[in-house]
Amino acid sequence: MSVRTRFAPSPTGFLHIGGARTALYCWLEARHHGGQFILRVEDTDRERSTDEAVQAIIDGMQWLGLEADEGPVFQTARLERYREVAEQLRADGKAYYAYESREQIDAMRAEAMSRGEKPRYNGYYRDRDEPYRDDPNRVLRFKNPQSGSVVFEDKVKGRIEWSNSELDDFVLFRSDGYPTYNFAVVVDDIDMGITAVIRGDDHVNNTPRQINVYQALGATVPVFAHLPMILGADGQKLSKRHGAVGVMQYREDGYLPEALLNYLVRLGWSHGDQEIFSVDEMVRLFDIAEVNASAARFDMAKLGWLNQQYLKSQDPASIAPELEWHLQRIGIDPTSGPNPAAVVTALCDRVQTLKDMAERARVWYSPITEWDDKAVKKHLKSVTAPKVLDAALQALGELGDWQVEAIHGVVARVAEQLELGMGKVAQPLRVAMTGTQVSPSIDQTIYLAGRDVALHRIKHALDLSHAD
RNA sequence: GCUCCCUUCGUCUAGUGGUCCAGGACGCUGCCCUCUCAAGGCGGAAACACGAGUUCGAGUCUCGUAGGGAGCACCA
């Protein structure tokens, strides 16, 4: 039987980092075994589910390249099916109607708490066999086994045993006619032929009661793998106020999907000492059983390092379109300057994100608007600066082949002729080109400016070097 | 309160009873390289939560303690 996994988010917000990792692990597990990965939208909470959230989740998965083989399947489209299965359970005597009001339930819980027990339903209607009544308080409850225990071998957490005496008769169908999560998931996972349920470990506690439903239905219980959560840098749960942003925010912040995927796969899983994994390698090497059981913190510094590894190792031409996207985002027309691929080559050793790269590429796409006073004073007002600029202006103007190599030759010759060190030559030119003391190597910096702009800027710098 | 889960350098992790005075990576840091900034190269500091037990031998097994987390809904 082929491996089938599913990612089942509830559409109440964007695809956050934890969800993205869950989706990745589900996707990898399916791909690794040549199985199927299914997207299911758990939208039975009508109050909080939105179409925008559904779209945001799909967008996020698409950006990461985690395409589903089936779905999205919406739970709200399957209501009839849940009713059918619930009715079957009721007819088999494995579920029953209960009519307590909310107040009665609350009182029941409070009483249990006061006895030092966990808040539970007391099973008042369990054996009463009350018929269906049109009552606003009517719910359908599951007859959970009252003795024995549920044991399962979690792929991540190991063996987990749960005594049935800890479980109560939970609600299958709410009074509003919608199924509860614990019931709908089981029906869905059975119908979809899910063989491995991979989800956040906040669901560990739900698993025993879900297994009881599988058994009541005579279905095969799938394999479970509960993933530990991802914490913020401070060790606290990711919340809206720190770090809980959608994956698309990472695109906006200048990260490559490959880098995020790589970071996520290593957060809780490893393969020896290897740090860099292409998607193909992940698919080949990933094994859900090797995932760690403990929670991990999200470390932006390492994500940044990884992102740069990808910036450096991938073909500049393949990164260029993404850089163009970022240039446009900050109001730069990518056609108004050098080929973005050449910019990637020049800056990939110097930035960790495409957002920073776009920002630093600005000098080649639009006029210099700010001059760093210290840079001007130190490198343009020096005694040798005018000579350097003048010689460079001359030589670059006569240069036939506007290429990095040729420009490098020009700069070197100027240094040689004036008997100056490279520092004395490169720095004035750098300030001339960028208005600052920091940029890629001087040959690349000049090359990217283009001949016209380069000559124009050197002339302007010459003026500045003479001015008081 | 009850049940369940987790615990190796600051962080992500390797480690499945001896090969561990604990390895790698990020970060930090020293040196080298160098036209700036980076990148790169070579070094360094830095961890088995604690206590018992099992064993000839424990980071690795067992039990307790402490700390952290999740759940106990007609929310998923």
Side-chain angles (χ1 to χ4, degrees), chain A residues 8-12 42-45 47-49 75 98 100 102 105-106 109 112-121 137-141 154 156-158 160-163 165-168 170-182 184-185 200-208 226 228-229 231 233 235-237 263 266-276 292-306 308 312 347-352 360 375 379 411-412 415 421-431 434 436-443 445:
Chain A
S10 58
T12 55
E42 311 218 318
D43 57 349
T44 53
D45 182 350
E47 301 285 306
R48 302 193 301 151
S49 301
Q75 287 191 321
E100 283 91 354
R102 307 257 178 170
I105 298 286
D106 287 345
R109 263 196 280 277
M113 282 285 256
S114 72
R115 282 200 309 264
E117 289 171 14
K118 53 169 76 172
R120 302 188 307 167
Y121 175 65
N137 289 326
R138 185 200 64 253
V139 295
L140 186 71
R141 285 185 181 270
D154 192 281
V156 173
K157 305 276 182 185
I160 293 177
E161 180 167 356
W162 213 284
S163 172
S165 60
E166 294 296 330
L167 271 22
D168 66 353
F170 71 100
V171 171
L172 257 24
F173 253 81
R174 301 187 230 149
S175 54
D176 66 1
Y178 281 87
T180 57
Y181 165 79
N182 278 314
V185 204
D201 69 1
D202 45 333
H203 290 292
V204 178
N205 305 274
N206 291 323
T207 306
H226 287 98
M229 45 186 331
L231 272 19
Q236 296 297 110
K237 186 176 176 176
Y263 181 74
R266 274 289 284 103
L267 200 60
W269 174 81
S270 62
H271 185 261
D273 289 338
Q274 190 169 343
E275 294 289 346
I276 310 285
N292 281 149
S294 56
R297 297 190 193 199
F298 193 84
D299 181 12
M300 285 302 280
K302 188 152 187 179
L303 206 214
W305 173 79
L306 260 174
Q308 185 176 44
K312 283 165 44 168
L347 288 174
C348 67
D349 283 339
R350 296 171 167 79
V351 296
Q352 293 195 321
R360 294 191 47 178
H379 300 295
V411 177
M422 273 301 269
K424 287 283 183 199
V425 177
Q427 284 304 79
L429 285 168
R430 176 166 281 117
V431 178
T434 69
T436 73
Q437 312 190 55
V438 178
S439 83
S441 66
I442 194 60
D443 45 7
T445 302

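Scope of the values below: all heavy atoms of this structure, side chains included, with no hydrogens, waters or symmetry mates. Chain letters run A, B, ... following the sequence lines, proteins first, then strands; residues in each count from 1.
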Does a donor on one side chain sit under 3.5 Å from an acceptor on the other, for A:S441 and A:D443?
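Short answer, yes.
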Counting the atoms with a prime plus P, OP1 and OP2 as sugar-phosphate, which does [X] contact under 4.0 Å by heavy atoms, base, sugar-phosphate, or nothing?
{"X": "A:D168", "value": "nothing"}
{"X": "A:G200", "value": "nothing"}
{"X": "A:P228", "value": "nothing"}
{"X": "A:E47", "value": "nothing"}
{"X": "A:V171", "value": "sugar-phosphate"}
{"X": "A:D154", "value": "nothing"}
{"X": "A:S270", "value": "sugar-phosphate"}
{"X": "A:H203", "value": "base"}

May I ask which nucleotide in the shown strands pairs with [N], Watson-Crick or G-U wobble, both distances under 3.5 Å?
{"N": "B:rU3", "result": "B:rA70"}
{"N": "B:rG30", "result": "B:rC42"}
{"N": "B:rA25", "result": "B:rU11"}
{"N": "B:rC35", "result": "none"}

Nearest whole Å is fine: how far is [N] [atom2] from [X] [atom1]?
{"X": "A:Q437", "N": "B:rC35", "atom1": "CD", "atom2": "P", "answer": "16 Å"}
{"X": "A:L167", "N": "B:rA73", "atom1": "CG", "atom2": "P", "answer": "11 Å"}
{"X": "A:L347", "N": "B:rC37", "atom1": "CG", "atom2": "P", "answer": "16 Å"}
{"X": "A:I105", "N": "B:rC72", "atom1": "CD1", "atom2": "P", "answer": "15 Å"}

Counting side-chain heavy atoms from C-beta on, which of B:rA73, B:rG71, B:rC12 comes nearest to A:R297?
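When the side chain of A:R297 is considered, B:rC12 is the closest of B:rA73, B:rG71, B:rC12.
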Checking contacts here: which listed nucleotide (B:rU13, B:rC74, B:rU7) is nearest the side-chain heavy atoms of A:R102?
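Looking only at heavy atoms from C-beta outward on A:R102, the closest nucleotide is B:rC74.
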Along RNA chain B (nearest heavy atom to each residue), the more 5'-positioned of A:A8 and A:S441
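Result of the comparison: A:S441.
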Nearest-nucleotide comparison on RNA chain B, the residue closer to the 5′ end among A:R115 and A:N292
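Result of the comparison: A:R115.
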Answer yes or no: side-chain N or O of A:R350 and base N or O of B:rC37 forming a donor-acceptor pair under 3.5 Å.
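Per atom types, the contact qualifies.
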When only distance counts, do a donor and an acceptor, one from the side chain of A:S294 and one from the base of B:rC6, lie under 3.5 Å apart?
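No.
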With a 4.0 Å limit, can you tell me whether [X] has a side-chain N or O closer than that to the phosphate oxygens OP1/OP2 of [N]?
{"X": "A:N182", "N": "B:rA73", "value": "no"}
{"X": "A:R141", "N": "B:rC74", "value": "yes"}
{"X": "A:K237", "N": "B:rG68", "value": "no"}

Any donor-acceptor pair under 3.5 Å linking the side chain of A:Y263 with the backbone of A:F298?
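Side chain of A:Y263 to backbone of A:F298: no pair is present.
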Contacts under 3.5 Å, N or O only, protein and nucleotides 3-5 of chain B:
| residue | atom | partner | partner atom | Å |
| --- | --- | --- | --- | --- |
| B:rC5 | O2' | A:K157 | NZ | 3.0 |

One character per nucleotide, please: for nucleotides 23-29 of chain B, 5' to 3', B when the base has a protein heavy atom closer than 4.0 Å, S when only the sugar-phosphate does, - otherwise.
BBBS---
Quick one: list whatever passes ring pair (Phe, Tyr, Trp, His ring centres under 6.0 Å) with A:Y121, sequence neighbours left out.
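Result, ring pair (Phe, Tyr, Trp, His ring centres under 6.0 Å) vs A:Y121: none returned.
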